[in-house]
Asks: 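Take this structure, written in structure tokens, and hold onto it; I'll ask about it next.
Per chain, numbering begins at 1; letters A, B, ... match sequence-line order.
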Protein chains: 2
Amino acid sequence: MRPPGSARGPRPTSVARVPGIDYDVLDTLLGYALRRAQIAAFDAFYRATAGHGITPPRFTALVIVGANPGLSQTVLGRVLGIARSGAMLLTDWLVRRKLAERRPHPEDRRSWGLFLTLRGESLLADLKRTVRAHDGQLGGTLTETQRRTLLRLLRQLAE
Amino acid sequence: MRPPGSARGPRPTSVARVPGIDYDVLDTLLGYALRRAQIAAFDAFYRATAGHGITPPRFTALVIVGANPGLSQTVLGRVLGIARSGAMLLTDWLVRRKLAERRPHPEDRRSWGLFLTLRGESLLADLKRTVRAHDGQLGGTLTETQRRTLLRLLRQLAE
DNA sequence: TATTGTTATACTCTATAACTATA
DNA sequence: TATAGTTATAGAGTATAACAATA
């Protein structure tokens with residue numbers, strides 16, 4: 001049993017509102033609503049991936065490497081929005097678990113091409129299923145139309 | 001000049017998509033869209049509060065103490081979803097900046113009642129204005145109706 | 001000169017656990 | 001016994017800076 005919040009980074013903070021507290025202006029801010037919603041989403045993600053040691057950035061990395069085989073660590077870092085040194089540590093983790101491997105880049109001997117192993121492909125397929133399922137339940141009380149609307153509005157916000 | 005990403009916790013990672021990259025299943029996940037939207041929101045927040053040393057949790061703490069004067073550190077921690085030790089460090093920060101103060105709790109000599117100072121009240125008033133303004137611009141391309149819809153759907157998601 | 005990967009180092013945030021004083 | 005605040009310590013994640021190899 002993993003003690004909560006130790007092995008996989010900061011544990012998603014509780015989303016529950018505290019009764020009797022006045023939240024004042026927070027209730028009118030899109031930013032605060034986003035934060036609360038993301039905590040709920042983290043929660044769903046952790047339920048989906050319990051026991052795999054998978055975090056959101058690691059899942060993202062698996063998906064990105066899977067869909068863009070041969071990309072470099074620098075590009076992976078850029079996609080994830082982290083520094084090169086961080087992309088390296090993340091790649092190290094994937095390689096250590098034998099989920100991905102570094103192959104020499106055919107045209108540039110400074111960089112690696114990243115590829116999923118068979119094991120990585122297989123885990124990714126599993127993860128995609130469960131993450132998608134839990135992500136679907138995330139909007140448990142949302143209708144399919146509302147869900148699509150939300151997704152569209154969020155994309156518009158982030159563009 | 002503050003070097004980016006040093007004094008105020010992790011710098012919001014870039015929200016820009018990398019051209020030529022296949023994002024695969026990520027584009028269908030509410031959780032991923034939420035993350036991207038929240039990065040944009042962080043960005044707006046940091047623009048709003050540049051130079052104040054204010055982070056989202058610190059802003060939240062100011063608002064909560066302001067609207068619920070006399071509450072204890074433990075309750076503050078529960079509202080923020082952090083451990084008591086963290087609530088204490090956060091309170092220390094507010095007290096050090098003379099934005100809040102601890103007063104003996106009238107009925108329980110184990111706990112403090114937290115209150116904003118005049119300076120805290122004044123800063124909070126400023127912050128509310130700018131944060132609200134930037135939060136409004138956050139959905140720059142959203143109509144007022146879309147904004148309300150988004151807020152409602154996010155609340156429904158997190159409930 | 002510029003870039004890739006790497007290494008070393010530091011910082012922020014959060015957590016748990018143990019301690020104290022009160023309840 | 002249980003709780004509030006505190007202190008000490010540890011871990012994850014990220015950043016910057018400097019270095020070697022290569023472009």
Side-chain angles (χ1 to χ4, degrees), chain A residues 1-14 18 35 39 42 46 49 53-61 70-96 100-114, chain B residues 1-14 35 39 42 46 53-61 70-96 100-114:
Chain A
M1 260 316 172
R2 167 180 64 88
S6 67
R8 299 206 299 174
R11 182 250 231 91
T13 59
S14 165
V18 177
R35 172 169 156 68
I39 291 170
F42 267 27
Y46 283 114
T49 63
I54 293 292
T55 59
R58 285 170 186 166
F59 174 71
T60 304
L71 90 171
S72 71
Q73 285 181 193
T74 297
V75 172
L76 178 62
R78 211 172 294 145
V79 173
L80 292 163
I82 60 178
R84 274 175 308 158
S85 55
M88 201 222 131
L89 295 174
L90 184 49
T91 304
D92 277 352
W93 188 90
L94 295 174
V95 170
R96 218 178 311 122
E101 57 188 25
R102 296 175 164 105
R103 298 188 203 157
H105 195 288
E107 287 157 13
D108 187 337
R109 279 187 305 174
R110 290 174 304 182
S111 62
W112 302 108
L114 302 181
Chain B
M1 262 312 173
R2 167 180 62 88
S6 65
R8 299 205 299 172
R11 186 253 229 87
T13 59
S14 165
R35 171 166 157 68
I39 291 171
F42 268 28
Y46 284 114
I54 292 291
T55 58
R58 284 170 188 167
F59 174 71
T60 303
L71 91 171
S72 69
Q73 286 182 191
T74 298
V75 172
L76 178 61
R78 212 172 293 145
V79 172
L80 292 164
I82 60 178
R84 274 176 309 161
S85 55
M88 200 222 131
L89 295 174
L90 185 48
T91 304
D92 277 351
W93 189 89
L94 295 174
V95 170
R96 217 179 313 122
E101 58 188 24
R102 297 176 165 104
R103 298 189 203 154
H105 194 290
E107 288 158 13
D108 187 337
R109 280 189 303 175
R110 290 173 303 181
S111 61
W112 302 108
L114 303 180

Asks: What is the distance from CG of A:D92 to C1' of D:dT14, rounded to the nearest Å?
Replies: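 Distance, rounded to whole Å: 15 Å.
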
Asks: Can you check the A:I82 CD1 to D:dA15 P distance for me, whole Å?
Replies: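 Distance check: A:I82 CD1 to D:dA15 P gives 7 Å.
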
Asks: Closest heavy-atom contact between B:F42 and B:P56?
Replies: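 Reported closest heavy-atom pair: CE1-CG, 4.4 Å.
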
Asks: Taking OP1 and OP2 of D:dG5, is either one under 4.0 Å from a side-chain nitrogen or oxygen of B:T74?
Replies: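 Indeed, a polar side-chain atom of B:T74 lies that close.
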
Asks: Search all heavy atoms of A:I54 against all heavy atoms of A:Y46 and return the closest pair with its distance.
Replies: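 So the two residues come closest at O-CE2, 4.5 Å.
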
Asks: Should B:R102 and B:L114 count as side-chain neighbours, where that means a heavy-atom distance under 4.5 Å?
Replies: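 The answer is yes; the side chains approach within 4.5 Å.
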
Asks: Hey, is the side chain of A:W93 poking within less than 4.0 Å of OP1 or OP2 on D:dA12, counting only N and O atoms?
Replies: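 No, because none of the side-chain N or O atoms of A:W93 sits under 4.0 Å from OP1 or OP2 of D:dA12.
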
Asks: Of the nucleotides D:dA15, C:dT14, C:dT16, which has the atom closest to the B:A83 side chain?
Replies: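 Per side-chain heavy atoms of B:A83, the pick is C:dT16.
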
Asks: Using whole Å, report how far NE2 of A:H105 lies from C1' of C:dT4.
Replies: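 The answer, rounded to whole Å, is 11 Å.
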
Asks: Starting from C1' on C:dT14, measure out to CZ on B:R58 and report it in whole angstrom.
Replies: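 It works out to 13 Å between those atoms.
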
Asks: Please list, one pair per line, the donor and acceptor atoms closer than 3.5 Å that link side chains of residues 81-91 of chain B to other protein atoms, with sequence neighbours excluded.
Replies:
unit_1, atom_1, unit_2, atom_2, d
B:T91, OG1, B:A87, O, 2.7

Asks: Roughly, in whole Å, what's the span from CE in A:M88 to P in D:dC19?
Replies: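 Answer to the nearest Å: 18 Å.
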
Asks: How long is the line joining CG of A:L89 and P of D:dA15, in whole Å?
Replies: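 These atoms are roughly 11 Å apart.
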
Asks: Say you draw a straight line from CZ of B:R58 to CG of B:L94; how long is it, rounded to the nearest 0.5 Å?
Replies: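 B:R58 atom CZ to B:L94 atom CG measures 8.0 Å (nearest 0.5 Å).
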
Asks: Any side-chain N or O of B:R102 less than 4.0 Å from the OP1 or OP2 oxygen of D:dA4?
Replies: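 Looking at the OP1 and OP2 atoms of D:dA4, neither is under 4.0 Å from any side-chain N or O of B:R102.
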
Asks: Nearest whole Å is fine: how far is C:dC13 P from A:I39 CD1?
Replies: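 Rounding to the nearest Å, CD1 of A:I39 and P of C:dC13 are 16 Å apart.
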
Asks: Summarise how protein sits on nucleotides 18-23 of chain C as a single string, 5' to 3': B when a protein heavy atom is under 4.0 Å from the base, S for sugar-phosphate-only contact, - for no contact.
Replies: ---BBS

Asks: If you go through the side-chain atoms of B:S111, does one of them form a donor-acceptor pair with the base of D:dT3 closer than 3.5 Å?
Replies: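 No, no donor-acceptor pair under 3.5 Å.
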
Asks: In Å, rounded to the nearest 0.5 Å, how long is the span from CG of A:D92 to CD of A:Q73?
Replies: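 Between A:D92 CG and A:Q73 CD, I get 7.5 Å after rounding to 0.5 Å.
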
Asks: Using the side-chain hydrogen bond (donor to acceptor under 3.5 Å, both in side chains) criterion, which residues pair with B:R109? Sequence neighbours excluded.
Replies: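 If we apply the side-chain hydrogen bond (donor to acceptor under 3.5 Å, both in side chains) test to B:R109, skipping adjacent residues, there are no hits.
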
Asks: What nucleic acid atoms does B:S85 come within less than 4.0 Å of, heavy atoms only: base, sugar-phosphate, or nothing?
Replies: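 The answer is base, as B:S85 lies within the cut-off (heavy atoms under 4.0 Å) of a base atom.
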
Asks: Can you tell me how far C1' of C:dT6 sits from CG of A:L114, to the nearest Å?
Replies: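 Between C1' of C:dT6 and CG of A:L114: 14 Å.
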
